[in-house]
Amino acid sequence: MLVVSLLYSNNTSFGLKYIFRSLPLFLFPIAFFVLRESKTIFSVKLFLKAKLYFYISTLILFVVVFFIFYFRGFVTENYFLNYSYRIIGQLGRYSMHPIYASLITSISIIFSISLFKIKKYKLLIIIGNILLVLNLILLSRKSAIIIMSVLFFVFIIFNKAIKIKVKTFFVFLVLLLFFITIKFIPDISNRFNDFSVLFDNTKASSTNLRINLINTTLNAINEKPLFGYGIGDTKDVLSALEDKNSFFKGKYYNTHNQFLNTTLATGIIGLLLFIFFYSKIYN
């Protein structure tokens, strides 16, 4: 559908670049489909080993990042404030956006649940999880912190193997840690304070930026709801509408949402195909 939408796009160059960046959405499901019958590749033992390698690699990555910052003299009283900003531009070609660093960290913590089954690595996982949770806090991405907190509560509450007293203790501990983190770590406090200006267009924040982007994108979709504008023209359409909104101050922002971007490019037809595509993968 994205390729077909090039036929009614004016900016085919941008469209081709976007489709190229989107190829993993196409290639990875095909790869897994072709290999799904292989009992060697998809064995439980090998998958557990892959999780362990991913976990250890992530742990090594962020421990190395800490030591790089330490030896460069960046570990000061303002470390909580500048960590998430330094990781964007102070690591050369290995620099990364904090939201992607949070994603890697979160996946590793989720993987650690099954890794506890390996007795010889249990101590490593406990110490590693403490470090990874601290890393997640330092990265200060409120979406990652909220999602991981919710997943933790779901895991603790619905896990029948954990006693009620232990559940109560962990829930209280995480709630306490959550509120202390929000209260006493300025970077995170500022991000959660975004909610207080959620619908105030006079005060810019990452949260109301996304609210404005959603509204702008929906207005654009409303003009061409069936087949959209074509993948090549999404940037030009959004840019034109954002120029008319003083909130964006002349800067261009993409939709920050895969479903909205798909609808903008290919309309409701494309969105339905996209959702169907994911439902088949899930099944």
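Keep in mind the model is a prediction, meaning the values are calculated, not measured.
Once rounded to the nearest 0.5 Å, the distance linking CD1 of I109 with CD1 of I104 reads 12.0 Å. In this structure, the separation between CD1 on I113 and CG on N129 is 9.0 Å, given to the nearest 0.5 Å.
Between F116 and I125 the shortest heavy-atom distance is CZ-CG2, 3.6 Å. The heavy-atom pair separating I87 from F69 by the smallest distance is N-CZ, 4.0 Å. Between L2 and A265 the shortest heavy-atom distance is CD2-CB, 4.5 Å. Shown here for R72 and Q90, the closest heavy-atom pair between the two residues is NH1-O, 2.5 Å. Closest approach of S9 to T12, counting heavy atoms only: O-CG2, 3.8 Å. The minimum heavy-atom distance between I145 and S149, with the atom names listed, is O-OG, 2.7 Å.
Using a 4.5 Å cut-off on side-chain heavy atoms (C-beta onward), K224 and D233 make no contact. Under the 4.5 Å side-chain criterion, counting only non-hydrogen atoms from C-beta, Y83 is in contact with N135. Using a 4.5 Å cut-off on side-chain heavy atoms (C-beta onward), I19 and L6 make contact.
At distances below 3.5 Å, not a single donor-acceptor pair connects side-chain atoms of N254 with backbone N or O atoms of K235. The closest donor-acceptor contact from the side chain of S239 to the backbone of D236 lies at 3.5 Å or more, if one exists at all. Listed for the S5 side chain is a donor-acceptor partner under 3.5 Å among the backbone atoms of I231. In this structure, the side chain of K167 engages the main chain of N159 through a donor-acceptor pair within 3.5 Å. Counting only distance, with no hydrogens or angles, the side chain of S95 and the backbone of G92 share a donor-acceptor pair below 3.5 Å.
Counting heavy atoms of neighbouring residues, nucleotides and ligands inside a 6.0 Å radius, atom CZ of F67 does not exceed 12 of them. Within a 6.0 Å radius of OH in Y8, other residues, nucleotides and ligands contribute more than 12 heavy atoms. Within a 6.0 Å sphere centred on OH of Y121, heavy atoms belonging to other residues, nucleotides or ligands number 12 at most.
F54 is linked by a ring pair (Phe, Tyr, Trp, His ring centres under 6.0 Å) to F111, counting only residues two or more places apart in sequence or in another chain. Every residue meeting the ring pair (Phe, Tyr, Trp, His ring centres under 6.0 Å) condition with F259, not counting sequence neighbours, appears here in chain and number order: F274.
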- May I have the step-by-step check of side chain to side chain donor-acceptor pair (under 3.5 Å) for Y229 and N10, ending in yes or no? CA-CA 9 Å; Y229 295 86; N10 293 318; over 6 Å; no
| query | Can you check side-chain contact (heavy atoms from CB on, under 4.5 Å) on L48 and S114, steps first, answer last? | reply | CA-CA 8 Å; L48 190 65; S114 56; 4.0 Å; yes
